[in-house]
Number of protein chains: 2
Amino acid sequence: MRMNEGVEWAVHSCLNLAWLGEDRAVPAAKLAAFYELPAAYLNKQLQALARAGIVTSTPGPRGGFRLARPPEEITLMDVVAAIEGPDEAFRCTEIRHRGGSGSGSRSETPCAIHTSMRKAELAWRRELASQSIADIAATVDDHSPAAAERVRRWFGDTRT
Amino acid sequence: MRMNEGVEWAVHSCLNLAWLGEDRAVPAAKLAAFYELPAAYLNKQLQALARAGIVTSTPGPRGGFRLARPPEEITLMDVVAAIEGPDEAFRCTEIRHRGGSGSGSRSETPCAIHTSMRKAELAWRRELASQSIADIAATVDDHSPAAAERVRRWFGDTRT
DNA sequence: GGTGTACTACTCGGATATCTACTGTCCGAGTGACTAGGG
DNA sequence: CCCTAGTCACTCGGACAGTAGATATCCGAGTAGTACACC
């Protein structure tokens with residue numbers, strides 16, 4: 001089981017967008033250059049965020065991405081769901097109804113394994129939903145206060 | 001993000017082994033036939049369980065797999081870790097230290113995103129570790145009491 | 001009849017193909033800004 | 001000096017390859033049971 005690498009990129013980009021404010025749009029190429037990521041592929045992830053309503057995109061010159069709502073209202077769960085899709089990690093294929101096992105009583109009782117797995121996954125989702133982009137930004141500001149300013153300076157100065 | 005299908009097979013097989021008792025070994029081919037699964041591939045998953053010390057394997061005629069310890073002491077976390085491996089789903093690649101971002105202060109503060117993700121994943125693992133094979137067996141016995149007996153009969157009768 | 005030995009069938013275990021989906025790249029559609037010309 | 005039309009560069013958006021990991025399969029090593037020959 002492995003999470004898409006795009007999730008890491010997306011969260012970092014959301015953090016940067018949060019620091020840069022909502023009044024300016026940042027092109028995907030610039031967000032990618034900040035971390036030396038492949039620009040076109042990061043763009044793909046940002047598109048997913050846009051479809052999920054987490055960021056808004058504006059085309060043309062001076063265009064780019066910006067957060068669609070305040071960072072307090074964007075949770076890690078939102079970002080993960082946008083990139084990974086709605087499906088849960090464990091997918092019950094109902095093998096208990098195949099072969100010699102299910103012959104006869106095709107009961108409609110829920111699969112106990114599926115239930116247990118879902119319970120664990122819900123705990124995971126709940127924890128993700130409890131943490132917002134603003135929370136993470138606050139943690140970073142606490143540990144290294146210069147980070148936000150460095151981001152603002154870098155995105156303000158370079159004209160790549 | 002998608003969990004290996006082998007996890008589902010492995011948990012079902014552990015359940016069956018629990019119902020069949022520790023005093024008899026069941027070949028992988030028979031466990032596979034019960035659900036019409038590819039035998040060689042299920043065997044691969046059972047090997048992973050054996051390496052993790054969840055089941056013991058005995059070769060030769062009358063050989064097969066059996067639980068290495070009572071089902072009360074086998075948790076879902078054990079099985080998932082055996083199949084999926086020890087790595088966590090979210091892997092921080094430390095992109096924050098690449099490119100224009102990290103130039104200058106390569107701080108040793110922990111990555112806040114990584115910390116948050118790990119927190120969620122720990123909640124998931126904790127929930128998995130709290131449920132044992134015996135718990136699931138009890139749930140199934142509660143919902144459809146005939147299941148255990150049907151398993152014992154099927155594995156006892158057929159001589160495939 | 002008892003015992004030792006060779007044989008056979010059965011099982012796991014790991015090495016080897018195939019296939020899905022994640023990763024990465026490219027080009028076109030659309031939009032806003034800028035420039036130049038006219039009033 | 002102000003307004004308008006045309007051009008251009010920039011950006012997103014989706015369509016198109018490449019690749020790692022999961023899925024599926026096959027064959028060899030080892031073992032226990034069995035049959036047979038010998039004592």
Side-chain angles (χ1 to χ4, degrees), chain A residues 1-10 13 17 24-33 35-66 68 80 82-87 89-91 93 95 155 159-160, chain B residues 1-10 13 17 24-33 35-66 68 80 82-87 89-91 93 95 155 159-160:
Chain A
M1 190 178 54
R2 186 174 184 164
M3 186 174 286
N4 286 359
E5 201 174 0
V7 171
E8 184 184 7
W9 304 0
S13 296
L17 289 177
R24 62 174 292 196
V26 184
K30 209 161 201 176
L31 286 168
Y35 294 122
E36 288 178 349
L37 302 174
Y41 190 37
L42 176 63
N43 187 28
K44 201 182 184 63
Q45 316 296 343
L46 292 171
Q47 283 175 35
L49 295 184
R51 272 193 295 272
I54 296 173
V55 302
T56 59
S57 65
T58 57
R62 298 253 169 176
F65 295 91
R66 69 191 78 189
V80 170
I83 304 290
E84 292 287 338
D87 300 345
F90 180 85
R91 306 184 192 180
T93 56
I95 61 173
F155 279 92
R159 297 270 176 255
T160 311
Chain B
M1 191 177 54
R2 185 173 183 165
M3 187 174 284
N4 285 0
E5 201 174 2
V7 171
E8 185 184 7
W9 304 359
S13 296
L17 288 177
R24 63 173 293 198
V26 185
K30 209 160 200 176
L31 285 167
Y35 294 122
E36 287 178 349
L37 301 174
Y41 190 37
L42 177 64
N43 187 28
K44 198 182 184 65
Q45 315 297 342
L46 291 172
Q47 284 176 35
L49 294 185
R51 271 192 296 271
I54 296 171
V55 302
T56 59
S57 64
T58 58
R62 298 254 171 176
F65 295 90
R66 71 191 77 189
V80 170
I83 305 289
E84 292 287 339
D87 300 345
F90 179 86
R91 305 181 193 181
T93 57
I95 62 173
F155 279 91
R159 296 273 177 252
T160 311

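Residue numbers start from 1 in every chain, and the chains themselves are labelled A, B, ... in the order their sequence lines are given, proteins ahead of strands. Only heavy atoms go into these numbers, but all of them, side chains included; no hydrogens, no water, no symmetry mates.
Each of D/dC12, D/dA22, C/dT23 was ranked by its minimum atom distance to the side chain of A/S57; first place goes to D/dC12. Of the candidates C/dG24, C/dT31, D/dA24, the closest approach to any side-chain atom of A/W9 belongs to C/dG24. Proximity note for B/P38 (side chain, C-beta onward) versus D/dT25, D/dG13, C/dT25: the nearest is D/dT25. If you check D/dC12, C/dC12, C/dG14 against the side chain of B/A28, the one that comes closest is C/dC12. Here C/dC22 is the nucleotide among C/dC22, D/dA22, D/dC12 with the atom lying nearest to any side-chain atom of A/N4.
If you find the closest nucleotide of DNA chain D to A/Q47 and to B/P61, the one lying nearer the 5' end belongs to A/Q47. Remark on DNA chain C: of its neighbouring residues A/N43 and B/R62, the 5'-side contact belongs to B/R62, judged by nearest-heavy-atom nucleotide. Ranked by how close their nearest DNA chain D nucleotide is to the 5' end, B/M3 and A/A50 are led by A/A50. Each of B/K44 and A/A40 has a nearest nucleotide on DNA chain C; the 5'-most of these lies closest to B/K44.
Here the shortest heavy-atom pairing between B/G53 and B/A68 reads O-CB, 3.4 Å.
In this entry the distance linking OH of A/Y41 with P of C/dC22 reads 8 Å, nearest Å. When the C1' atom of D/dC12 is taken as reference, atom CD of A/Q45 falls 15 Å away, rounded to whole Å. Residue B/E5 contributes atom CD, which lies 16 Å from atom P of C/dC19 at whole-angstrom precision. Atom-to-atom, CZ of A/R91 to C1' of C/dT20 comes out at 12 Å; the value is rounded to the nearest Å. D/dC12 atom C1' lies 13 Å from atom CG of A/L31, rounded to whole Å. Note: CD (B/E84) to C1' (D/dT23) measures 13 Å, nearest angstrom. When rounded to the nearest whole Å, the span between CG of A/L42 and C1' of D/dT11 equals 14 Å.
B/R2 has a side-chain polar atom (N or O) that falls below the 4.0 Å cut-off from OP1 or OP2 of C/dA21. In this structure, B/R51 reaches the C/dG14 phosphate: one of its side-chain N or O atoms is under 4.0 Å from OP1 or OP2. Contact between the side-chain N/O atoms of A/R66 and the OP1/OP2 oxygens of D/dT11 is not found at any separation under 4.0 Å.
By the 6.0 Å contact criterion, CZ on B/R62 is open, its count of non-hydrogen atoms from other residues, nucleotides or ligands being 12 or less.
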Task: Worked check of side chain to side chain contact (heavy atoms under 4.5 Å, CB included) between A/F65 and A/I54 - done: CA-CA 10 Å; A/F65 295 91; A/I54 296 173; over 6 Å; no
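Rounded to the nearest 0.5 Å, atoms CG (B/L49) and CH2 (B/W9) are 13.0 Å apart.
The closest side-chain heavy-atom distance from A/T58 to A/R66 is below 4.5 Å.
The residue B/A25 sits apart from the nucleic acid: no heavy atom pair falls under 4.0 Å. Here B/A29 lies out of heavy-atom contact (under 4.0 Å) with every strand.
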